[in-house]
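Encoded as C-alpha cells, the structure appears first; notes follow it.
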2 protein chains.
Amino acid sequence: MPEFLYKNKLYYNPVEFAMDRIGGTWKMPILWRLKDKVMRYGEVKKDIPHITHKMLTSQLRELEEEGFISRKVYPVVPPKVEYSITRRGKKAITIIDAIRNYGLHLMKDFGVEEKKSVKQKKSK
Amino acid sequence: MPEFLYKNKLYYNPVEFAMDRIGGTWKMPILWRLKDKVMRYGEVKKDIPHITHKMLTSQLRELEEEGFISRKVYPVVPPKVEYSITRRGKKAITIIDAIRNYGLHLMKDFGVEEKKSVKQKKSK
DNA sequence: CTGGATCCGATTTGATACTG
DNA sequence: CAGTATCAAATCGGATCCAG
C-alpha cells in the first residue's frame, strides 16, 4: 500500500488525500457554488443557509490555502471580499459532478426523494 | 437547495449523501480490496495494516448494513467469515476509481510522491 | 461586512481487555 | 479467528463575543 506524508499527516492512499482536500460537509457545496461565478462572503453564506459562520470562514480559508479558490479583498468600508474558483478548483468540479451524479443514483437506489421538507420513502 | 432526511439525519445535497455512505477514512479502501475477490476478515485486516480492529469491524458492519458488501459466516471453529462485494458495491467501485484517479492527479499537482519516501512539509 | 478567538458539548477514534 | 465492550483522547462543530 502506498503511503506518504503531506503537511505532517500520513496518508495511505490517493482517495484519502483527495478527500482531505475537498471532502467534509461543506467544501464541495462551496466549490460548486463558485464554479461559474464570483461571489462575496455574504452571498455564499446566504446560498448555503445551514452553514455556520465559523464553518464557512474556516472552509473558505482552507480552500484558499490549498489553491482551489482565490480571495480578493477590496480596501473599503465596510469590507468587501470576493471569492472565485481557480484552475485547480475547476478541475475539482469535474469529480464533484461525478460524485454528485453518483449520489443521485444512490438516493434513488435507497428510495430517498430529493424534495424539500419531504421525509418519506418511495415504495418499490 | 434540496434537502431530505435519511435515517433521521438531515442531508443538504447528493454529495453529502454519497459521502456518508462510502466516505470516511476506511470504507473506500475496504471496498477497493473486495472489488474482485472474496476475502476473510483477517485478510482484509492484513491488507490494510494501519486500520484498527475496532474500525475495521465497525466499517464492515456499516457497509454490510447498507448493502455494499455481504457477509458469509461458516459455522466452524475457529470462526471463518468471508466478505464479498455486492451489486451496489460494484457500482460504488466506479466512482471510487474516479476519485482515486483524481487523487493521483492532485498528488502530482501538489508535488507529493506516492512512495514511502518522506516528503518535505509545507509551512501553513 | 468579514473574520478571528474562545468556550464547550458531541462525535469519532484508539487502546485494551474479554468472549465463544 | 472474528467480534464485542469500555474508557479515554482527539477532533469537530455550534454558539457567542470582540475587532477593524
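Basis for what follows: all heavy atoms, side chains included, without hydrogens, waters or symmetry-related copies. So that the names make sense, note that chain A is the first sequence line, chain B the second, and so on, each numbered from 1.
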May I ask you to say what A/Tyr74 touches in the nucleic acid, namely base, sugar-phosphate or nothing, with a heavy-atom cut-off under 4.0 Å?
nothing

To the nearest Å, give me how far apart NZ (A/Lys45) and P (D/dG14) are.
11 Å

Let me know the distance between CD1 of A/Ile48 and P of D/dG13, rounded to the nearest Å.
14 Å

Is the backbone N or O of A/His105 less than 3.5 Å from a side-chain atom of A/Asp109, with the two atoms forming a donor-acceptor pair by type?
no

Looking at D/dG3, D/dA2, C/dG3, which one has an atom nearest to any side-chain atom of B/Tyr83?
D/dG3

Between C1' on D/dG3 and CD on B/Glu64, what's the gap in Å once rounded to a whole number?
13 Å

Taking atom P of C/dA5 as reference, at what distance in whole Å does atom CG of A/Leu56 sit?
16 Å

What is the per-nucleotide protein-contact pattern of nucleotides 10-20 of chain C, from the 5' end, where B denotes a base atom under 4.0 Å from a protein heavy atom, S denotes such proximity for sugar-phosphate atoms only, and - denotes neither?
---BBB----B

Do the side chain of A/Glu16 and the main chain of A/Tyr12 share a donor and acceptor less than 3.5 angstrom apart?
yes

Assess whether atom NZ of B/Lys7 is packed by more than 12 heavy atoms of other residues, nucleotides or ligands within 6.0 Å.
yes

Relative to A/Phe17, does A/Arg21 satisfy both conditions: NZ or CZ under 6.0 angstrom from the six-membered ring centre, and within 45 degrees of the ring's axis?
yes

Give the intermediate values and the outcome of salt bridge (charged side-chain N to carboxylate O under 4.0 Å, His left out) for residues A/Glu66 and A/Arg88.
CA-CA 9 Å; A/Glu66 304 212 305; A/Arg88 178 176 285 169; over 6 Å; no

For C/dG3 and A/Arg71 - does any side-chain N or O of the residue sit under 4.0 Å from the phosphate oxygens OP1/OP2?
yes

C/dC1, OP1 or OP2 - any side-chain N/O from A/Arg40 closer than 4.0 Å?
no

Checking contacts here: which listed nucleotide (D/dC1, D/dG3, C/dT2) is nearest the side-chain heavy atoms of A/Tyr41?
C/dT2

Does any donor atom in the side chain of B/Thr86 or B/Ser70 lie under 3.5 Å from an acceptor atom in the other side chain?
no

